[in-house]
There are 2 protein chains.
Amino acid sequence: MADQPHTTDCRHDHVAHSHELRSEEVIDAAASMASAMGDPGRLRLLELLFDGRHCVSELAEETGDSMSAISQRLKILHNARLVTRNRDGKHVYYALADDHVRNIIQQLFIHSAE
Amino acid sequence: MADQPHTTDCRHDHVAHSHELRSEEVIDAAASMASAMGDPGRLRLLELLFDGRHCVSELAEETGDSMSAISQRLKILHNARLVTRNRDGKHVYYALADDHVRNIIQQLFIHSAE
DNA sequence: TCCTCAATTCAACGTTCTCTAAAATGATTA
DNA sequence: TAATCATTTTAGAGAACGTTGAATTGAGGA
């Protein structure tokens, strides 16, 4: 609500924007989703979930990281709605939330490998 | 190279992975790309670039943030190969790197708005 | 050359992140 | 119920992040 730190004395002409701008809520949600994918340890987990659900101990075994670390990473991914969580007996299984998430991650990988 | 903090005593069977895993380099590149998009201030800049190139002072004016802050955000986006940089006289113009980046951001917004 | 505008860099500061290690919770089996 | 396995939570330490404000660089015009 305070005045903004507007340090520009720019005198040259700027063209107005021709497209709709997203609301702050959408920007924040999208940023927090991207942020959740923005860590190598978490992105590796998402990749491991590409072939279906996996439980925490399995993911810990495959990555060589502690269960505590894996669990905390999964919690962040779950809060960002990127994975689902299901308890089955002693184990808790995580899986990719939907095909939309799948697509975003896949595109990210394709663009990065170029 | 040291031994891994492997705290699992898991006795139940795990199924082997049926898909190719990405190299650490690809994972790191993809994570740093996602991480660069994972901040509201930076994502807002990417959105503002959707209708074409803009210079730093223009983006500062539109967002109400300082040029220093904008410039540092753009540097991160540029390092992540999300935007291109071109000097034109006194001004430096930034633009989205390519349609691939466009798609990723668009999908991110669509999924977030749901 | 000197001055001005545009942009970048630097240093400092407070905030946020991510890990480890230990304690706590949930669920199954003896 | 007690014991055990799987997972989560908590607290704390160290690293990484993002901003502000000042100094610096780069380019153009007087």
Side-chain angles (χ1 to χ4, degrees), chain A residues 2-14 27-28 31-32 34-45 53-80 83-95, chain B residues 2-14 28 31-45 53-80 83-95:
Chain A
D3 32 356
Q4 295 156 329
H6 194 328
T7 331
T8 313
D9 267 348
C10 211
R11 305 248 206 297
H12 83 280
D13 288 337
H14 297 148
I27 296 268
D28 285 354
S32 90
S35 175
M37 297 187 296
D39 172 81
R42 290 194 296 263
L43 200 52
R44 174 72 77 190
L45 287 182
R53 67 175 209 174
H54 290 263
C55 69
V56 183
S57 52
E58 192 172 1
L59 295 167
E61 193 177 88
E62 286 177 328
T63 59
D65 295 318
S66 72
M67 269 210 309
S68 176
I70 299 293
S71 181
Q72 289 175 82
R73 288 174 195 161
L74 287 168
K75 185 183 186 179
I76 289 169
L77 293 174
H78 188 250
N79 287 343
V83 300
T84 59
R85 200 191 104 107
N86 277 98
R87 180 175 275 275
D88 186 0
K90 276 191 211 172
H91 298 96
V92 177
Y93 286 92
Y94 288 88
Chain B
D3 32 356
Q4 296 155 329
H6 194 327
T7 333
T8 313
D9 268 348
C10 209
R11 303 246 206 301
H12 78 104
D13 289 336
H14 296 150
D28 285 353
S32 91
M33 189 167 288
S35 173
M37 297 187 294
D39 172 81
R42 290 193 296 261
L43 199 52
R44 174 72 77 190
L45 287 182
R53 68 175 209 174
H54 290 263
C55 69
V56 183
S57 53
E58 192 172 1
L59 294 167
E61 194 178 89
E62 286 177 330
T63 60
D65 295 318
S66 71
M67 270 211 308
S68 175
I70 299 294
S71 180
Q72 290 176 84
R73 287 173 196 161
L74 288 168
K75 185 181 185 179
I76 289 170
L77 294 174
H78 188 251
N79 287 342
V83 301
T84 59
R85 200 191 104 106
N86 277 98
R87 180 174 276 275
D88 186 0
K90 275 192 210 170
H91 297 97
V92 176
Y93 286 92
Y94 288 88

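Side-chain atoms are counted along with the backbone in the values below, which use heavy atoms only and exclude waters and symmetry mates. Chain A is the first sequence line, chain B the second, and so forth, proteins listed ahead of strands; every chain is numbered from 1.
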[X] vs [N]: side-chain N/O to OP1/OP2 distance below 4.0 Å:
X        : N       : answer
Ser66(A) : dT20(C) : yes
Tyr94(A) : dT8(D)  : yes
Lys75(B) : dT9(C)  : yes

What is the nucleic acid contact for Gly89(B), judged by heavy atoms within less than 4.0 Å: base, sugar-phosphate only, or nothing?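 Contact class for Gly89(B): sugar-phosphate only.
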
Give one of base, sugar-phosphate or nothing for Tyr93(A), where a contact means two heavy atoms less than 4.0 Å apart.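 The residue Tyr93(A) makes no contact with any strand.
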
Measure the spacing between [atom1] of [X] and [atom2] of [Y] and express it to the nearest 0.5 Å.
X        : Y        : atom1 : atom2 : answer
Glu62(B) : Ile70(B) : CD    : CD1   : 9.5 Å
Met37(A) : Met37(B) : CE    : CE    : 5.5 Å
His54(A) : Tyr93(A) : NE2   : OH    : 10.0 Å

Inter-end axis angle, the helix from dT1(C)-dA30(D) to dA30(C)-dT1(D), with every axis fitted to five base pairs (rounded, 10 degrees):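 Inter-axis angle at the ends, rounded: 10°.
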
Grab the two heavy atoms, one from Leu74(A) and one from Val83(A), that are nearest each other, plus how far apart they are.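 That would be O-CG2, 4.2 Å.
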
Nearest-Å distance, [atom1] ([X]) to [atom2] ([N])?
X        : N       : atom1 : atom2 : answer
Asn79(B) : dT9(C)  : CG    : P     : 10 Å
Leu74(B) : dT9(C)  : CG    : C1'   : 14 Å
His91(B) : dA27(D) : NE2   : P     : 14 Å
Asn86(A) : dA27(C) : CG    : P     : 13 Å
His78(A) : dT7(D)  : NE2   : P     : 15 Å
Ile70(A) : dC19(C) : CD1   : C1'   : 12 Å
Lys90(B) : dT8(C)  : NZ    : P     : 15 Å
Arg85(A) : dG26(C) : CZ    : P     : 11 Å

Measuring from the side chain of Ser57(B) (C-beta onward, heavy atoms only), which nucleotide among dT8(D), dA6(C), dT7(D) has the closest atom?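 For Ser57(B), the side-chain atoms sit closest to dA6(C).
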
Nearest of dA6(C), dA27(D), dT7(D) to any side-chain atom of Met67(B)?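 Of the candidates, dA6(C) comes closest.
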
State which residues pass side-chain hydrogen bond (donor to acceptor under 3.5 Å, both in side chains) with Ser68(B); sequence neighbours excluded, sorted by chain then number.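 Applying side-chain hydrogen bond (donor to acceptor under 3.5 Å, both in side chains) to Ser68(B) gives Gln72(B).
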
Sequence neighbours left out, what pairs pass salt bridge (charged side-chain N to carboxylate O under 4.0 Å, His left out) with at least one residue falling in residues 69-78 of chain B?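 Found Asp65(B)-Arg73(B).
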
Under the salt bridge (charged side-chain N to carboxylate O under 4.0 Å, His left out) rule, what pairs show up with a residue in residues 33-42 of chain B, not counting sequence neighbours?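 Pairs touching residues 33-42 of chain B that pass the test: none.
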
Under-3.5 Å N/O pairs linking protein and nucleotides 11-18 of chain D:
from, atom 1, to, atom 2, distance (Å)
dG18(D), OP1, Arg42(B), NH1, 3.0
dG18(D), OP1, Arg42(B), NH2, 3.1
dG18(D), OP2, Arg42(B), NH1, 3.1

Apply side-chain contact (heavy atoms from CB on, under 4.5 Å) to Tyr94(A) and Val56(A), showing your working. CA-CA 8 Å; Tyr94(A) 288 88; Val56(A) 183; 3.7 Å; yes

Any donor-acceptor N/O pair under 3.5 Å between dG21(D) base and Ser68(B) side chain: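 In this structure, the two groups form a donor-acceptor pair.
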
Is there a side-chain contact (heavy atoms from CB on, under 4.5 Å) between Asn86(B) and Arg53(B)? Walk through the geometry before answering. CA-CA 9 Å; Asn86(B) 277 98; Arg53(B) 68 175 209 174; 5.5 Å; no

Counterpart residues, side chain to side chain contact (heavy atoms under 4.5 Å, CB included), relative to Asp28(A) (two or more places apart):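 Applying side chain to side chain contact (heavy atoms under 4.5 Å, CB included) to Asp28(A) gives Glu24(A), Pro40(B).
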
